[in-house]
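Data first, discussion second: the structure below is written as structure tokens.
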Amino acid sequence: YPLTMAEELLAKAIEEKGYAEWEQSFLLANEAVLRANEATALCKAATPAPLWPAVTAPAAAPVEPAAGDEPAAGDEPASIDDSAAGDDDDSAADDASDPTPADGTP
């Protein structure tokens, strides 16, 4: 129980400092640091190894389109409907105050 010992030694060092026992306080504080370092080393040594190694997926190679694989005229992505731009909810108040008609004409 080196960590408990370090905590108790530190408390005793603080108590001795209150009695103006500077040398004793200094020695107890140094002993507390040594015990705390010992506790840290024990924790690092007691850390269990993983039960199985980490598995990483192989990196996928980027897919390049082959020459001549241009999209056909009808294969273009669909455009986004901007008719509801600025309308952030379903309330009728926003729709009534919006000066832009629903069909998008100015």
Side-chain angles (χ1 to χ4, degrees):
Y1 299 93
L3 181 60
T4 303
M5 185 66 166
E7 290 171 342
E8 294 298 323
L9 285 169
L10 184 59
K12 186 65 176 176
I14 293 170
E15 179 185 339
E16 292 296 321
K17 182 186 76 152
Y19 298 131
E21 295 288 337
W22 308 114
E23 184 176 356
Q24 188 65 24
S25 176
F26 180 79
L27 293 173
L28 288 169
N30 281 337
E31 183 67 22
V33 169
L34 291 174
R35 297 292 182 193
N37 288 339
E38 179 184 349
T40 302
L42 285 172
C43 285
K44 288 180 180 177
T47 303
L51 297 176
W52 51 84
V55 177
T56 57
V63 178
E64 297 285 332
D69 283 347
E70 298 298 322
D75 291 343
E76 295 176 4
S79 63
I80 298 174
D81 181 20
D82 290 334
S83 64
D87 189 13
D88 59 351
D89 61 4
D90 293 333
S91 67
D94 287 341
D95 296 336
S97 64
D98 188 8
T100 307
D103 63 358
T105 58

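Bear in mind that the values here come from a model prediction, so they are computed numbers and not experimental data.
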Any donor-acceptor pair under 3.5 Å from Ser25 side chain to Ile14 backbone
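Pair absent, no side-chain N/O of Ser25 close to backbone of Ile14.
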According to salt bridge (Lys or Arg N to Asp or Glu O under 4.0 Å), does anything in residues 19-32 pair up with another residue at least two apart or in another chain? List the pairs.
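Listed by first then second residue: Glu31-Arg35.
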So that I can tick it off, tell me whether Glu16 and Lys12 are bridged by a salt bridge, with the cut-off set at under 4.0 angstrom between side-chain N and carboxylate O.
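Here Lys12 pairs with Glu16 in a salt bridge, since their nearest N and O are under 4.0 Å apart.
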Over all atoms of both residues, closest heavy-atom pair of Ala29 and Ala13
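Looking at all heavy atoms of both residues, the closest pair is N-CB, 3.7 Å.
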Might you point out which heavy atoms bring Leu10 and Ala32 nearest each other, and give the distance in Å?
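Residues Leu10 and Ala32, closest heavy atoms: N-CB, 3.8 Å.
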When rounded to the nearest 0.5 angstrom, what distance separates CG in Leu27 from CG in Leu9?
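Here the rounded value is 11.0 Å.
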